[in-house]
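Notes for the one structure printed next.
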Amino acid sequence: MMPGQRLQGCRSLHLNEDNGRFALLAVLIILYLLCGAAVFSAIERPSELRAHGRWNGTLLNFSETFNISLQDLNSFLREYEAAIAAGIRADALRPRWDFTGAFYFVGTVVSTIGG
């Protein structure tokens, strides 16, 4: 190979200054996000485990008190969660999507995102 020749593959690895800065910024942002996720997880995970343990104790106590199997109780709670996610409310004083509720939602969207 002649001294002035380059390998074709090396040309594609060359970054100009702007692309290099962008790549460095992207790497730093990813590292920052990874560190933030690690810190947040280390702080929040023990609390989540304690809350989960308390909830399991409450379910077991309820199950024993009212003679309901844990499987039936969990099935009922999954149905309840689905109903809440669908917008069904226990106190149906007014529908969730009546005109005033819909008007409020549209106003919030327009004022936040723009029209």
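When a residue number appears, it is its place in the shown sequence, counting from 1.
Transitive grouping of hydrophobic side chains (ILVMFWY, heavy atoms separated by less than 4.5 Å) brings Trp55 and Leu73 into a common cluster. Under a hydrophobic-cluster definition in which Ile, Leu, Val, Met, Phe, Trp and Tyr are linked whenever side-chain heavy atoms come within less than 4.5 Å, directly or via other members, Ile88 and Ile84 are assigned to different clusters. There is no path of hydrophobic side-chain contacts, each under 4.5 Å, that joins Leu15 to Val27. Under the 4.5 Å side-chain contact rule for hydrophobic residues, Leu49 and Ile43 do not share a cluster.
Under the side chain to side chain contact (heavy atoms under 4.5 Å, CB included) rule, Asn61 has a single partner from Leu59, Thr65, Thr58, which is Thr65.
Between atom CD of residue Glu48 and atom OG of residue Ser41 there is a gap of 8.5 Å, rounded to the nearest 0.5 Å. Note that CG of Leu34 and CD1 of Ile30 are 7.5 Å apart. Values are rounded to the nearest 0.5 Å. For the atom pair CZ (Phe62) and CG (Leu77), the distance works out to 8.5 Å, reported to the nearest 0.5 Å. Distance CD1/Ile29 to CG/Leu24: 10.0 Å, rounded to 0.5 Å.
With Thr108 contributing its side chain and Tyr104 its backbone, the two residues share a donor-acceptor pair below 3.5 Å. Under the 3.5 Å distance criterion, the side-chain polar atoms of Ser111 are matched with a main-chain donor or acceptor of Gly107.
Across all non-hydrogen atoms, the minimal contact from Ser69 to Ser63 is C-OG, 3.9 Å. Heavy-atom minimum distance, Asp72 versus Ile68: CB-CG2, 4.0 Å.
In this structure, Glu44 places its CD atom where more than 12 heavy-atom neighbours from other residues, nucleotides or ligands lie under 6.0 Å away.
Between Arg78 and Glu81, none of the side-chain N atoms (NZ, or NE/NH1/NH2) sits under 4.0 Å from a carboxylate O, so this pair counts as no salt bridge.
Using a 4.5 Å heavy-atom cutoff, the side chains of Arg21 and Glu17 are in contact. Contact check for Tyr32 versus Leu28: no side-chain heavy atoms found under the 4.5 Å cut-off.
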